[in-house]
Asks: 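One structure follows; several queries about it will come next.
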Amino acid sequence: MSASGATSDQRTKLRVGTRSSKLALIQTEHAIEQLTKQHPEISVDVATMKTIGDKIQDIAMSKIGDKGLFTKELEAALEAGEIDFVVHSAKDMPTQLADNMELAAVMERVDPRDAVVMSVKNKDKKRLDELPSGSVVGTGSVRRVSQLRRLYPHLEFMDIRGNLNTRMAKLDAEDSPYAALVLAVAGMQRLGAQARITQTLDNVLHAVGQGALGIEARADDVYMKQLVATSLGHTPTWLACLAERQLMRALEGGCSVPIGVRTQWSNEGSTLSLQAIVASPDGAEAVEADASTTFASDADASAADACAVDLGARVAALMRERGASKILDAIHPPEPSAN
């Protein structure tokens with residue numbers, strides 16, 4: 001029987017889909033461990049596959065588009081009933097998911113910041129401001145480059161593709177053009193490579209969903225959505241990511257659009273603040289905004305979700321009022337309306 005055809009009392013064997021990189025597998029095993037710890041009667045097999053983003057390694061993400069770049073193949077298998085759920089890096093998930101697909105849970109976020117990793121040739125240096133003028137820093141993120149150019153105008157930035165292990169190998173190659181890379185702290189930690197981090201970039205706002213794992217399921221699979229939400233979901237991270245994803249949805253952004261965010265909880269976990277930036281790729285222009293919301297102590301899940309979504313929408317509206325649309329339209333001109 002296919003995964004989609006099983007009933008709840010038969011589902012002691014599940015299949016999870018994931019990308020085939022080492023980091024993706026580590027993240028998936030983390031989710032499986034947490035799920036089976038709470039449900040020891042369930043066993044989970046792993047189905048790996050390569051996505052479009054994994055297959056195309058010689059073109060910058062900003063030039064090949066980002067709608068489903070790391071999710072499309074996994075979603076096709078999910079819709080076909082070949083797998084029961086998918087573990088994603090939440091930052092790779094489009095805000096508009098495919099038909100019958102749903103973000104069912106978000107796991108507890110780890111450090112969402114970006115980090116500097118120096119090449120072996122620059123092991124005597126730790127910070128980007130210590131690098132000489134003209135040094136090349138590698139990153140595949142337009143968001144990072146747009147902010148870093150404002151902070152470190154003396155540096156050059158070059159695209160780098162590949163999974164995290166591949167990028168590290170390119171950095172340390174004898175003929176490497178890179179003096180350093182900027183990578184996600186979370187990925188380095190999950191790979192056990194945090195010792196290579198020489199600087200965490202507190203002054204750079206991170207990607208939407210960065211540091212969190214998103215669990216995707218079929219929208220019509222009520223049993224699976226409930227299972228992963230109760231076993232894997234982390235409410236503070238879920239609400240923060242809802243706000244971040246609504247901001248990006250309202251600004252029509254994605255992996256190739258320079259939108260940076262930072263969400264923080266305060267007042268004993270009752271107040272959520274959202275800070276955001278949109279910057280032009282050359283770093284010459286930037287728009288920033290922030291807002292916060294306080295959740296009622298007696299709010300149910302749907303009311304809390306609505307409050308988080310409203311926070312994201314409010315910050316997006318502020319950014320549009322301040323000129324974010326001009327920057328975003330210059331990067332991806334809006335399609336002409338049909339007559």
Side-chain angles (χ1 to χ4, degrees), residues 18-34 46 48 50-51 53-54 57 60-61 69-70 87-93 106-131 135-145 147-148 151-152 155 157-214 234 237 255 260 262:
T18 181
R19 294 164 61 193
S20 56
S21 71
K22 183 177 179 181
L23 177 58
L25 288 168
I26 289 172
Q27 292 174 164
T28 301
E29 289 298 333
H30 171 62
I32 292 172
E33 181 181 1
Q34 186 166 318
V46 178
T48 62
K50 289 187 179 293
T51 64
D54 296 314
Q57 294 292 320
M61 286 190 293
L69 197 61
F70 295 108
V87 178
H88 297 285
S89 289
K91 67 183 178 65
D92 292 335
M93 298 186 71
V106 180
M107 298 183 69
E108 185 172 5
R109 180 176 243 159
V110 296
D111 193 332
R113 293 176 297 175
D114 290 321
V116 175
V117 177
M118 290 290 177
S119 70
V120 291
K121 297 175 185 177
N122 286 288
K123 60 184 179 181
D124 60 322
K125 298 178 176 62
K126 295 185 179 298
R127 303 174 56 85
L128 290 180
D129 56 15
E130 296 174 11
L131 290 171
S135 296
V136 175
V137 176
T139 176
S141 165
V142 179
R143 168 192 59 82
R144 288 172 180 147
V145 172
Q147 294 182 67
L148 290 169
L151 297 166
Y152 305 98
L155 299 177
F157 298 91
M158 184 184 296
D159 189 69
I160 185 168
R161 290 294 316 282
N163 61 46
L164 202 150
N165 285 328
T166 299
R167 282 177 280 165
M168 292 285 287
K170 290 179 179 179
L171 172 68
D172 292 335
E174 186 65 31
D175 58 350
S176 174
Y178 306 106
L181 299 183
V182 176
L183 304 164
V185 170
M188 295 294 287
Q189 289 178 336
R190 287 172 177 145
L191 281 176
Q194 59 266 35
R196 287 292 304 269
I197 294 174
T198 59
Q199 179 186 8
T200 49
L201 296 169
D202 297 316
N203 50 0
V204 174
L205 271 60
H206 57 76
V208 167
Q210 187 161 313
L213 301 180
H234 182 253
T237 305
C255 297
R262 177 180 292 128

Asks: Is there a donor-acceptor contact under 3.5 Å from the side chain of Ser20 to the main chain of Thr48?
Replies: no
Asks: Could you tell me if the side chain of Val116 sits less than 4.5 Å from the side chain of Arg127, heavy atoms only?
Replies: no
Asks: Verify, without hydrogens or angle tests, whether Arg143 (side chain) and Leu205 (backbone) share a donor-acceptor contact under 3.5 angstrom.
Replies: yes
Asks: How many angstroms lie between CG in Leu213 and CD in Gln27, if you round to the nearest 0.5 Å?
Replies: 5.0 Å
Asks: Is there a side-chain contact between Leu148 and Leu155 (heavy atoms, below 4.5 Å)?
Replies: no
Asks: Looking at Pro112, is its backbone amide N or carbonyl O close enough to the side chain of Gln210 to form a donor-acceptor pair, meaning the two atoms are under 3.5 Å apart?
Replies: yes
Asks: Please check if the side chain of Gln199 supplies one atom and the backbone of Leu128 the other of a donor-acceptor pair under 3.5 Å.
Replies: yes
Asks: Is the shortest side-chain heavy-atom distance between Asp124 and Glu130 below 4.5 Å?
Replies: no
Asks: Side-chain contact test, heavy atoms from C-beta onward, threshold under 4.5 Å: evaluate it for Ile32 versus Val46 and give yes or no.
Replies: yes
Asks: Between Lys125 and Leu131, is there a side-chain heavy-atom distance shorter than 4.5 Å?
Replies: yes
Asks: Please find the pair of heavy atoms, one from Asn163 and one from Ser21, that lie closest to each other, and give the distance.
Replies: CB-CB, 4.0 Å
Asks: Does any N or O in the side chain of Ser176 come within less than 3.5 Å of the main-chain N or O of Lys170, such that one atom is a donor and the other an acceptor?
Replies: yes
Asks: For Lys91, does its backbone N or O pair with a side-chain atom of Ser89 as donor and acceptor, under 3.5 Å?
Replies: no
Asks: Give me the atom names and distance for the closest heavy-atom approach of Ala184 to Asp114.
Replies: CA-OD1, 4.1 Å
Asks: Is there side-chain contact between His30 and Val87, with at least one heavy-atom pair below 4.5 Å?
Replies: no
Asks: Taking the side chain as every heavy atom from C-beta outward, state whether Leu164 and Met188 have any pair of such atoms under 4.5 Å apart.
Replies: yes
Asks: Quick check for you: to the nearest 0.5 Å, what is the distance between Ser141 atom OG and Asp159 atom CG?
Replies: 9.5 Å
Asks: Do the non-hydrogen side-chain atoms of Arg190 and Val110 ever get within less than 4.5 Å of each other?
Replies: yes
Asks: Is the backbone N or O of Met118 less than 3.5 Å from a side-chain atom of Arg196, with the two atoms forming a donor-acceptor pair by type?
Replies: yes
Asks: Specify the closest pair of heavy atoms between Met168 and Leu181, including all atoms of both residues, with the distance to one decimal.
Replies: N-CD1, 4.3 Å
